[in-house]
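One structure is given below, encoded as structure tokens.
Everything numeric here is computed off the predicted structure, so don't read it as measured data.
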Amino acid sequence: MTAVVAPAGVWAQLVGQDHAVDVLSSAARAAAQIVAGEPAPPGAMTHAWLLTGPPGSGRSVAARAFAAALQCITGTGCGQCPGCRTAMHGTHADVRLVIPEGLSISVAEMRALVQAAARRPTTGQWQVVIIEDADRLTEGASNALLKAVEEPPERTVFLLCAPSDHPEDISVTIRSRCRLVTLRTPAAEAIARVLVERDGVDPELAEWAASVCGGHVGRARRLATDDNARKRRAAVLRIPLGLSRPGDVFRCADDLIAAAEADATEESKERDEAEKAELRNAMGGDATGKGVAGAKRAAEAAVKQLEKRQKSRATRTQRDTLDLALVDLAGFYRDVLVAVSGADARYNHPDHAQDIEQAARQWTAESTLKRLEAVLACREAILWNVKPRIAVEAMLTALRHG
């Protein structure tokens with residue numbers, strides 16, 4: 001049997017994605033040949049890529065690794081040269097990263113990005129544009145991007161990340177002009193190994209986090225390193241068996257919303273203050289002396305615009321956190337269906353097997369399925385901008401009654 005060789009260099013960041021690493025590393029080598037004026041394998045390298053996969057599979061990590069490999073001096077993604085290091089850390093002058101801070105990516109933002117991407121590389125080999133959450137592109141933004149993808153500059157590469165290539169996630173016309181790379185859900189063993197080796201997590205804790213994260217590498221790391229994240233997950237999984245009285249619906253709704261808000265605040269607070277201070281300093285808002293009144297007024301106006309963007313980002317973070325809680329709930333009801341049916345399938349929440357089996361004794365398969373559908377309906381309602389509290393209270397009422 002041939003031994004499996006772990007990916008090296010920038011590719012070591014990808015967990016359990018051997019096929020994607022093979023495709024992208026081959027493309028990086030072909031790109032280096034193109035830059036050197038040498039013949040490259042036909043079709044190995046192209047100007048637009050679509051990286052898809054379930055949440056936590058590493059879409060954005062794959063995009064950053066590929067961008068680093070394209071800027072690598074050796075063309076292999078060594079992970080050691082200045083091109084690799086700056087691209088991986090987000091400081092490379094020719095790698096532009098778009099992370100939507102609000103609920104969508106606007107047409108104005110995309111037009112500005114396309115204009116910047118048309119320039120020739122300044123310090124690297126390629127001009128690389130990474131668009132995380134490309135499924136959040138508005139229709140206008142998609143049209144602006146399509147023009148660039150249809151007629152790409154010679155040395156520009158677009159890397160789009162989305163959950164799938166379904167038309168609801170990415171437009172058919174953009175999809176048709178991209179090469180597709182599909183990532184899969186990493187195995188629990190691979191996630192546990194990277195938590196131990198890269199993050200220094202205790203092996204037993206790493207194995208537990210990998211077993212309950214649903215294949216989401218970032219979630220596993222957070223569960224393994226953040227005690228508050230573990231407490232929030234435990235609180236969510238107490239909900240199914242904790243809805244015995246009508247008042248429990250509103251208590252649990254309060255807990256879910258408060259946890260999402262706390263998570264968003266915790267994640268955003270330090271970053272928000274640092275951004276404000278940096279902006280004021282850049283615009284001279286903290287200066288003293290004659291003639292600074294105008295600068296201060298301009299700085300405060302810019303800060304107000306920044307605060308507006310930060311508020312939008314916090315809303316997105318809150319909804320993303322709430323969605324993770326709903327995914328955990330959906331996983332619980334799925335596990336109950338597994339227990340009711342007697343199927344030989346692995347639980348999403350093996351550490352809550354006792355609660356799952358208790359619920360399986362109390363509920364029928366039909367009532368469990370109705371509860372699962374209520375959770376999925378809540379996720380969809382929030383996606384369509386229904387106020388989270390209203391959607392959550394409606395869901396919890398349905399969960400209580402079955």
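In this structure, Gln362 places its CD atom where more than 12 heavy-atom neighbours from other residues, nucleotides or ligands lie under 6.0 Å away. Heavy atoms of other residues, nucleotides or ligands lying less than 6.0 angstrom from CD of Gln115 number 12 at most. Within 6.0 Å of atom CZ in Arg96, more than 12 heavy atoms from other residues, nucleotides or ligands are found, so the atom counts as buried in its surroundings. Heavy-atom contacts from other residues, nucleotides or ligands closer than 6.0 Å to CD of Gln354 number 12 or fewer.
Under a 4.0 Å N-O distance rule, the pair Arg175/Asp169 does not qualify as a salt bridge. Residues Asp323 and Arg319 are not paired through a salt bridge, judged by the lack of any N-O separation under 4.0 Å between the basic side chain and the carboxylate. Under the 4.0 Å criterion applied to side-chain N and carboxylate O atoms, Arg64 and Glu132 are assigned as salt-bridge partners. Here Asp335 does not pair with Arg346 in a salt bridge; the nearest charged N to carboxylate O distance is not below 4.0 Å.
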Go through Arg136 and Asp320 one step at a time and tell me if the salt bridge (charged side-chain N to carboxylate O under 4.0 Å, His left out) criterion holds.
CA-CA 13 Å; Arg136 296 179 186 261; Asp320 288 347; 3.4 Å; yes

Candidate pair Asp94 and Arg155, rule salt bridge (charged side-chain N to carboxylate O under 4.0 Å, His left out), full reasoning:
CA-CA 11 Å; Asp94 295 320; Arg155 285 287 184 84; over 6 Å; no

For Arg230 and Asp351: C-alpha separation, side-chain torsions, deciding distance, then whether salt bridge (charged side-chain N to carboxylate O under 4.0 Å, His left out) applies.
CA-CA 12 Å; Arg230 293 192 287 272; Asp351 56 335; over 6 Å; no

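Considering only residues two or more places apart in sequence or on other chains, Asp22 meets the salt bridge (Lys or Arg N to Asp or Glu O under 4.0 Å) condition with none of them. Under the rule for a side chain to side chain contact (heavy atoms under 4.5 Å, CB included), the partners of Ala62 that lie at least two apart in sequence or sit in another chain are Leu14, Leu24, Leu51, Leu183. Residues satisfying the side chain to side chain contact (heavy atoms under 4.5 Å, CB included) test with Asp248, not counting sequence neighbours, are Leu243, Ser244, Arg245, Arg251.
With His349 contributing its side chain and Asp328 its backbone, the two residues share a donor-acceptor pair below 3.5 Å.
In this structure, Arg179 fails the cation-pi test against Trp49, since its NZ or CZ atom is not both closer than 6.0 Å to the six-membered ring centre and inside 45 degrees of the ring normal.
When only modelled atom types and interatomic distance are considered, Ser26 and Arg29 share a side-chain donor-acceptor pair under 3.5 Å. Between the side chains of Ser176 and Thr173, not a single donor N or O lies within less than 3.5 Å of an accepting N or O. Side-chain contact check for Asp165 and Thr52: no donor-acceptor pair (N or O, by modelled atom type) lies under 3.5 Å.
Taking the six-membered ring where the residue is Trp, the centroids of Trp363 and Tyr333 are separated by under 6.0 Å.
One finds the CD1 atom of Ile382 at 4.0 Å from the CG atom of Leu322 (value rounded to the nearest 0.5 Å).
By the 4.5 Å heavy-atom criterion applied to side chains, Asn348 and Val212 are not counted as neighbours.
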